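Keep in mind that this is a model prediction, so the values were computed, not measured.
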Amino acid sequence: MWLLTLISVNQGAPVGQTLNTFQSERKEWSLNHLTVHRSTGTLYIGAVNRIYKLSANLTLLVTHDTGPEYDNKACYPPLIVQPCSEPLASTDNVNKLLLVDYSHNRLLACGSLYQGVCKLMRLDDLFILVEPTHKKEHYLSSDNQTGTMYGVVVPSQGQDATLYVGAAVGGKQDYFPTISSRKLPRDPESSAMLDYELHTDFVSSLIKIPSDTLALVPHFDIYYIYGFASGSFVYFLTVQPETPENGMPAGGSPGDLFYTSRIIRLCKGDKKFHSYVSLPVGCVHKGEEYRLLQAAYLAKAGRVLAKSLNISAQEDVLFAVFSKGQKQCHDPPDHSALCVFTIQDINTRIKERLQSCYQGEGNLELHWLLGKDVQCTKAVRWPF
């Protein structure tokens, strides 16, 4: 997407419409992310080599250049930290994450340059408040420009906010966790900015893809399509390859893989990620399965939809678009379906899944993380 269009109908006037458009300086500089400020209606757009701030009618207010810069994806740490012996070339900076941190009135933007460096900027003029680069955890994603990444900012009353972020790692599982939680201090100059919430020799606020999984499925990665917070939990919606017991067939390629869409849930404040739970998600319509998640969005149900779902109009509802089948992950078929899930129902399904596991039924469905299907064990109740 490189052209943003706004169509408004002038009610009470003769039939007609006003068409406003905005496009990047070059056709090849696509618009990757869009976030609308929930109070002002201001638009922030993450594009290739640019961050734009627009008014509600698409008038350009501020432009912030993010690239191109000289880089090489083999430079780790990036050359902005120490010299790199690899040949450098002018490289586009693809925006991979764009979030408003409402609790501290600033914008978080992360790109593909320099192994995924992020910036915190003022909302009014996009002035850079800080660009952390001096620690290993400051590089949030691989330089793979097509890899998906999603983040959720969770504010805390009277305390620093927390950033939950999931990212495709592009085979660099030793460098990047697939999912983590990080500090967002109020002071942009804080030395703790983007540090893991918890990081010790034994436990950290992150999960990495094990090397054994990549040995089993060389093209394994987790693609984060959407994320949000609701109630006491943080959720991510992902697409990832299934991990067969015997690995890939000889000469196998990504096209041979079956993919599953999953919803991940974590408890807010769980710094050790012990509450991590994952369930498959999808739709079936007239006997056809729609399993490849393409996009999602969280909103309030509203009066009409709430009535049909028998819930409150203010309850959270998840809208998700799925493509047909479980293959062709990166080139899905045209057939798609829009599905609606209540968060209440999602939480009920997760609760049922956990309770059945406590009864010793099924397995943990974390073959990619644990290297095997670990059977659930019946919880032992001690007499009092």
Side-chain angles (χ1 to χ4, degrees), residues 1-69 92-113 117-131 145 148-155 161 163 165 184 186 188 225-229 294-300 302 314 316-319 321:
M1 182 180 73
W2 69 283
L3 178 68
L4 190 65
T5 304
L6 173 69
I7 300 177
S8 60
V9 177
N10 187 6
Q11 296 182 354
V15 177
Q17 63 184 23
T18 300
L19 177 66
N20 297 329
T21 64
F22 172 80
Q23 64 188 50
S24 53
E25 292 96 312
R26 299 183 184 178
K27 185 175 181 179
E28 65 270 21
W29 288 1
S30 60
L31 310 181
N32 305 117
H33 293 104
L34 167 70
T35 184
V36 181
H37 196 285
R38 62 191 182 195
S39 300
T40 66
T42 302
L43 282 69
Y44 297 91
I45 301 173
V48 175
N49 297 326
R50 298 289 187 268
I51 303 294
Y52 301 105
K53 177 182 178 180
L54 278 64
S55 67
N57 66 359
L58 304 190
T59 299
L60 178 61
L61 302 175
V62 183
T63 300
H64 177 85
D65 296 355
T66 63
E69 299 284 352
D92 286 336
N93 193 3
V94 178
N95 178 260
K96 300 184 72 173
L97 185 66
L98 191 72
L99 296 171
V100 175
D101 178 6
Y102 289 98
S103 58
H104 302 136
N105 200 37
R106 57 198 182 188
L107 185 72
L108 176 69
C110 307
S112 59
L113 276 180
V117 167
C118 301
K119 302 177 181 180
L120 279 169
M121 297 180 284
R122 282 198 306 235
L123 288 178
D124 56 352
D125 58 3
L126 300 185
F127 174 81
I128 298 177
L129 297 170
V130 68
E131 187 175 8
Q145 297 181 355
T148 59
M149 180 179 184
Y150 217 93
V152 180
V153 175
V154 177
L163 171 66
V165 61
L184 281 178
R186 180 178 300 275
I225 309 301
Y226 188 62
F228 61 93
Q294 302 300 306
Y297 187 75
L298 184 77
K300 299 299 181 182
Q314 291 304 307
D316 286 337
V317 173
L318 180 67
F319 298 88
V321 176

Peer 1: Does the ring center of Tyr297 lie less than 6.0 Å from the ring center of Phe319?
Peer 2: no
Peer 1: Restricting to non-hydrogen atoms, name the atom on Leu126 and the atom on Met121 that form the minimum distance, rounded to 0.1 Å.
Peer 2: O-SD, 3.6 Å
Peer 1: Run the numbers on Leu163 and Leu99 for side chain to side chain contact (heavy atoms under 4.5 Å, CB included), then give the verdict.
Peer 2: CA-CA 10 Å; Leu163 171 66; Leu99 296 171; 3.8 Å; yes
Peer 1: Between Pro155 and Ala161, which heavy-atom pair has the shortest distance, and what is it?
Peer 2: CA-CB, 4.1 Å
Peer 1: Does one side chain, of Asn32 or Ser30, offer a donor that lies under 3.5 Å from an acceptor on the other?
Peer 2: yes
Peer 1: Taking all non-hydrogen atoms of both residues into account, name the closest pair between Val48 and Glu28 and its distance.
Peer 2: CG2-O, 4.5 Å
Peer 1: Pair Lys119, Thr66 - check side chain to side chain contact (heavy atoms under 4.5 Å, CB included), show working.
Peer 2: CA-CA 10 Å; Lys119 302 177 181 180; Thr66 63; 4.1 Å; yes
Peer 1: Provide the closest heavy-atom pair for Met149 versus Leu97 in the form atom of the first, atom of the second, distance.
Peer 2: CE-CD2, 3.9 Å
Peer 1: Ignoring hydrogens and geometry, is there a side-chain-to-backbone donor-acceptor pair from Asp92 to Val94 under 3.5 Å?
Peer 2: no
Peer 1: Working to the nearest 0.5 angstrom, can you tell me the gap between Asp316 CG and Leu298 CG?
Peer 2: 4.5 Å
Peer 1: If you look at every heavy atom in Asn95 and Ala109, which pair is closest and at what distance?
Peer 2: ND2-CB, 4.1 Å
Peer 1: How close do Ser112 and Asn93 get, counting heavy atoms only, and between which atoms?
Peer 2: N-OD1, 2.9 Å
Peer 1: Would a line drawn from the ring center of His37 to the ring center of Tyr102 be shorter than 6.0 Å?
Peer 2: yes
Peer 1: Test your reading of the model: is there a side-chain donor-acceptor pair from Lys53 to the backbone of Asp124, 3.5 Å cut-off?
Peer 2: yes
Peer 1: When Ile51 is tested against each of Val62, Leu98, Ile45 for side chain to side chain contact (heavy atoms under 4.5 Å, CB included), which residue passes?
Peer 2: Leu98
Peer 1: If I take atom OH from residue Tyr52 and atom CD from residue Gln23, how far apart are they, to the nearest 0.5 angstrom?
Peer 2: 9.5 Å
Peer 1: In Å, rounded to the nearest 0.5 Å, how long is the span from CG of Leu61 to OH of Tyr44?
Peer 2: 8.5 Å
Peer 1: If you round to the nearest 0.5 Å, how far is OG1 of Thr59 from CG of Leu43?
Peer 2: 10.5 Å
Peer 1: With rounding to the nearest 0.5 Å, note down the distance linking NE2 in His64 to CG in Leu107.
Peer 2: 9.5 Å
Peer 1: Is it true that a side-chain atom of Arg50 and a backbone atom of Gly67 form a donor plus acceptor pair closer than 3.5 Å?
Peer 2: yes
Peer 1: Roughly how far, to the nearest 0.5 Å, is the CG atom of Leu129 from the CG atom of Asn105?
Peer 2: 9.5 Å
